Amino acid sequence: MAWFKKDKKPIQPPADKSRVPEGLWVKCPSCSQIIYNKDLAESLSVCTKCAHHFRLSASERLKTLFDGEWQVYDEGLRSTDPLSFTDTKPYRQRLEASISATGLQDAVITATGPIAGLRCSVAAMEYGFIGGSMGVVVGEKITRTIERAISERLPVIIISCSGGARMMEGALSLMQMAKISAALARLDRARLPYVSVLTDPTTGGVTASFAMLGDVNIAEPKALIGFAGPRVIEQTIRQQLPEGFQRSEFLLEHGMLDMVVDRRELKDAIARFLRFSAASAATARAVPAAAAIAPLEARADEPAS
Ligand SMILES: [Zn+2]
């Protein structure tokens, strides 16, 4: 008999099963249903049997949201590798590999375009680019998205899909948390709405800053949302975590989110919120105007509309 027995199985590296694989048919990792690729595309990459949400790229995401044409901004911005960082391989090499794999210069696409007839300023994060991590470029592009919204009076929608701040840019990437949060505070003072959409996964510095600052925080079903990973938390607090911990439904139940919405209804949910906030803004403007004491003569002089 052995003195020591290993109770736990060794940890297996997770297979990247969220992304829709190439080919004509796709097997759902959740219910093992075989789905025709075109059917999957029609249902916005949601399994028609069990509603498993496959991960979307940033450009696919924009396609699901906008009504038609949209304009992309700051496409040419790219990281300069400010720390000349090297881990198992140089950061520059990682950047080059991600640029050729995704066709993007960094982990976010920013654009303006119509959503249900309302022009919006949108940022969608790309998980395929170094885990959707937030470096200087992502921070700058999202900040500009918000500033554009303020100057043109547009609502902001940010779709998070990120592993958090980008380690290879050190403290500079952490500073993006404050920069974006400050821009969101200015957006709030300008009384413009911000919808945060949290998709699988939204973790680290992104959760700890702008992803949780929405006027409304909407998550996709069963998305992993958290700051530190569950294993780190378990080791720190020395307790077993409850079932479904750090998933959208659990967070909704505990008051961290406002809504969990199926991707096929997401656009309608966003449009409903934007119309609601536009209506309440109009009411807020109308009330002080009506209460203002204006001389009766001045009103009588106004041309009848
Ligand atoms: Zn399924």
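Since this is a predicted model, take the numbers as computed values, not measurements.
Closest approach of Gln246 to Gly226, counting heavy atoms only: NE2-CA, 3.7 Å. Residues Ala219 and Leu257 share a closest heavy-atom pair of CB-CD1, 3.6 Å. Residues Ala183 and Ile146 share a closest heavy-atom pair of O-CG2, 3.4 Å. Leu241 and Pro230 get closest at one heavy-atom pair: CD1-O, 3.4 Å. The two residues Ser173 and Gly135 have their closest heavy-atom pair at CB-CA, 3.9 Å. Taking all atoms of both residues into account, the shortest heavy-atom contact from Phe66 to Cys120 is CE2-O, 4.5 Å.
Salt bridge Lys38/Glu42: absent, no basic N to carboxylate O contact under 4.0 Å. Between Arg92 and Asp81, at least one side-chain N (NZ, or NE/NH1/NH2) sits under 4.0 Å from a carboxylate O, which counts as a salt bridge.
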Working for side chain to side chain contact (heavy atoms under 4.5 Å, CB included), residues Thr64 and Leu266
CA-CA 9 Å; Thr64 66; Leu266 185 62; over 6 Å; no
Verify side chain to side chain contact (heavy atoms under 4.5 Å, CB included) between Leu95 and Ile130, making sure each step is shown before the conclusion.
CA-CA 8 Å; Leu95 281 173; Ile130 319 186; 4.1 Å; yes
May I have the step-by-step check of side chain to side chain contact (heavy atoms under 4.5 Å, CB included) for Met168 and Leu83, ending in yes or no?
CA-CA 8 Å; Met168 300 83 164; Leu83 305 179; over 6 Å; no
Could you go through Ile142 and Lys179, starting from their C-alpha distance and side-chain angles, then the distance that decides it, and tell me whether this counts as side chain to side chain contact (heavy atoms under 4.5 Å, CB included)?
CA-CA 10 Å; Ile142 293 179; Lys179 187 164 95 179; over 6 Å; no
Determine whether Glu96 and Arg78 satisfy the following criterion, salt bridge (charged side-chain N to carboxylate O under 4.0 Å, His left out), listing intermediate values before the conclusion.
CA-CA 10 Å; Glu96 290 301 331; Arg78 63 184 288 180; 2.9 Å; yes
Before giving the answer on side chain to side chain donor-acceptor pair (under 3.5 Å), spell out for Ser45 and Glu60 the whole-Å C-alpha distance, their side-chain angles and the decisive distance to 0.1 Å.
CA-CA 10 Å; Ser45 296; Glu60 286 168 335; 5.5 Å; no
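Looking at Ile225 and Ser248, their side chains come closer than 4.5 Å, going by heavy atoms from C-beta outward. Inter-residue side-chain proximity for Glu126 and Cys161 is flagged as unmet; no heavy-atom pair is nearer than 4.5 Å. In this structure, Glu152 and Ser121 have side chains that are not in contact, with every pair of non-hydrogen atoms separated by 4.5 Å or more. Residues Ile180 and Met134 form a side-chain contact, since some pair of their non-hydrogen atoms from C-beta on lies under 4.5 Å apart. Taking 4.5 Å as the limit, some side-chain heavy atom of Arg94 sits within range of a side-chain heavy atom of Thr88. Using a 4.5 Å heavy-atom threshold, the side chains of Lys267 and Ile115 count as touching. Considering only heavy atoms from C-beta on, Asp200 comes within 4.5 Å of Leu224 through its side chain. With a 4.5 Å cut-off on side-chain heavy atoms, Arg144 and Thr110 do not count as touching.
In this structure, Arg119 CZ and Leu274 CG are separated by 14.0 Å, a value rounded to the nearest 0.5 Å. Atoms OG1 and OH, on Thr86 and Tyr91 in that order, are 12.0 Å from each other to the nearest 0.5 Å. Within the model, atoms CG of Leu184 and CG of Leu192 stand 11.5 Å from one another, a figure rounded to the nearest 0.5 Å. Atom CD1 in Ile109 sits 8.5 Å away from atom CH2 in Trp70 (nearest 0.5 Å). Atom-to-atom distance recorded for Leu56:CG and Leu62:CG is 10.0 Å, nearest 0.5 angstrom. Atoms CD1 and OG1, on Ile159 and Thr202 in that order, are 10.5 Å from each other to the nearest 0.5 Å.
Hydrophobic clustering keeps Phe210 apart from Val197 (ILVMFWY residues linked when any side-chain heavy atoms are closer than 4.5 Å, directly or through intermediates). Cluster annotation: Leu77 is not connected to Phe129 through the hydrophobic network of ILVMFWY side chains, with a link wherever side-chain heavy atoms come within less than 4.5 Å. In the hydrophobic cluster analysis, where Ile, Leu, Val, Met, Phe, Trp and Tyr join through side-chain heavy atoms closer than 4.5 angstrom, Met256 is grouped together with Leu198. Note on Met177: it does not cluster hydrophobically with Met212, by side-chain heavy-atom contacts below 4.5 Å among ILVMFWY residues. Taken together through direct or relayed side-chain contacts under 4.5 Å among Ile, Leu, Val, Met, Phe, Trp and Tyr, Leu251 and Leu213 form parts of separate hydrophobic clusters.
For Ser133 (side chain) and Arg166 (main-chain N/O), no donor-acceptor pair under 3.5 Å exists by modelled atom type. Proximity of a side-chain donor or acceptor of Thr199 to a complementary backbone N or O of Ser160 within less than 3.5 Å is detected. Between the Asp258 side chain and the Ile218 main chain, no donor and acceptor come within less than 3.5 Å of each other. The closest donor-acceptor contact from the side chain of Gln33 to the backbone of Ile35 lies at 3.5 Å or more, if one exists at all. Side chain of His53 to backbone of Ala51: a donor-acceptor contact under 3.5 angstrom is found.
Within the structure, the salt bridge (Lys or Arg N to Asp or Glu O under 4.0 Å) test picks out no pair touching residues 127-136 (sequence neighbours left out). Sorted by first and then second residue, the pairs that involve residues 217-226 and meet side chain to side chain donor-acceptor pair (under 3.5 Å), not counting sequence neighbours, are Arg61-Glu220, Glu220-Arg263.
Atom CZ of Arg153 has more than 12 heavy atoms from other residues, nucleotides or ligands within 6.0 Å.
Classification of the Phe273-Phe276 ring pair by plane angle, with boundaries at 30° and 60°, yields tilted. Taking the six-membered ring where tryptophan is involved, the planes of Phe245 and Phe250 are perpendicular, since the angle between them exceeds 60° and thus also 30°.
For Arg148 and Tyr73, the positive end sits near the middle of the six-membered ring, less than 6.0 Å away and at most 45° from its axis.
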